[in-house]
Structure formats: structure tokens, C-alpha cells
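For reference, the structure is listed below as C-alpha cells.
Note that the coordinates shown come from a computational prediction; the quantities given were computed from them, not determined experimentally.
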Amino acid sequence: MQLLLLSADEVRRALPMEAALQTAEQAFRRAAEVEPDVAEVQIALGAVLLDREKLDEAAAAYEEALAMSPDEAEAAAGLAAVREAQGED
């Protein structure tokens, strides 16, 4: 078992990023409710969820974007990144 030790400075730097990602996730979830047919919103939500390591939710957002816009390269690339992070190829 590998033990990960972070310095207090590293923890202080990481906390604002996590807070920003949480805020972004909330904002994109609200945007998806308001604009449910906009692929770009789902792509942005997928990217934030991927950054937060919510892989199943990120995959669902990218899949939703691809359902709306099958030729959307950014959604396809995002879904591929999720699958890679999940250990699938």
C-alpha cells in the first residue's frame, strides 16, 4: 500500500481547484436543465465531471452530447478519455 503524503501548502493549493470544479459542476448542471438540447452544455459538464473523477456521470454527459450531435468531435474525445480513465479502450 502506497501512502500519499501532501504538504500543507499542497493541500491549500488543491482546495480552491476542487471548490472551483464543484461550482462549475453545479453551474453546468443548471445550464443543462435550462438548455437540455444543447450539446455544448453536456460537453462542458462532461469535462468538469471527468476532472472530478465522476467517470460514470461524465460518460453519460458525453453520450448525451453525442446523441444530440453525433459528429461532435469534442464529445467523442471526451468519452474516449473517460473510457481510458475507466480502464477501457
Residue from Glu64, Glu35, Glu63 passing side chain to side chain contact (heavy atoms under 4.5 Å, CB included) with Gln42 = Glu64
Just one of Val48, Leu49, Leu21 clears the side chain to side chain contact (heavy atoms under 4.5 Å, CB included) bar with Lys54, so which one?
-> Leu49
Would you say Ser69's side chain and Ala65's backbone share a donor-acceptor pair under 3.5 angstrom?
-> no
Asp37 CG to Met68 CE distance, which is reported to the nearest 0.5 Å = 6.0 Å
Roughly how far, to the nearest 0.5 Å, is the CD atom of Glu18 from the CD atom of Glu25?
-> 9.0 Å
Would you say Leu55 and Leu79 are hydrophobically clustered, going by side-chain heavy atoms of ILVMFWY under 4.5 Å?
-> yes
Val82 and Ala59 have their tightest heavy-atom pair at CG1-CB, 3.8 Å
Which heavy atom in Tyr62 sits nearest to a heavy atom in Leu50, and how many Å separate them?
-> OH-CD2, 4.5 Å
State whether Arg29 and Glu57 are salt-bridged, where the test is any N-O pair (Lys NZ or Arg NE/NH1/NH2 against Asp/Glu carboxylate O) under 4.0 Å.
-> yes
Report yes if some heavy atom in the side chain of Gln86 is under 4.5 Å from a heavy atom in the side chain of Asp56; otherwise report no.
-> yes
Neighbour count >12 (heavy atoms, 6.0 Å) for atom CD, Glu74 | no
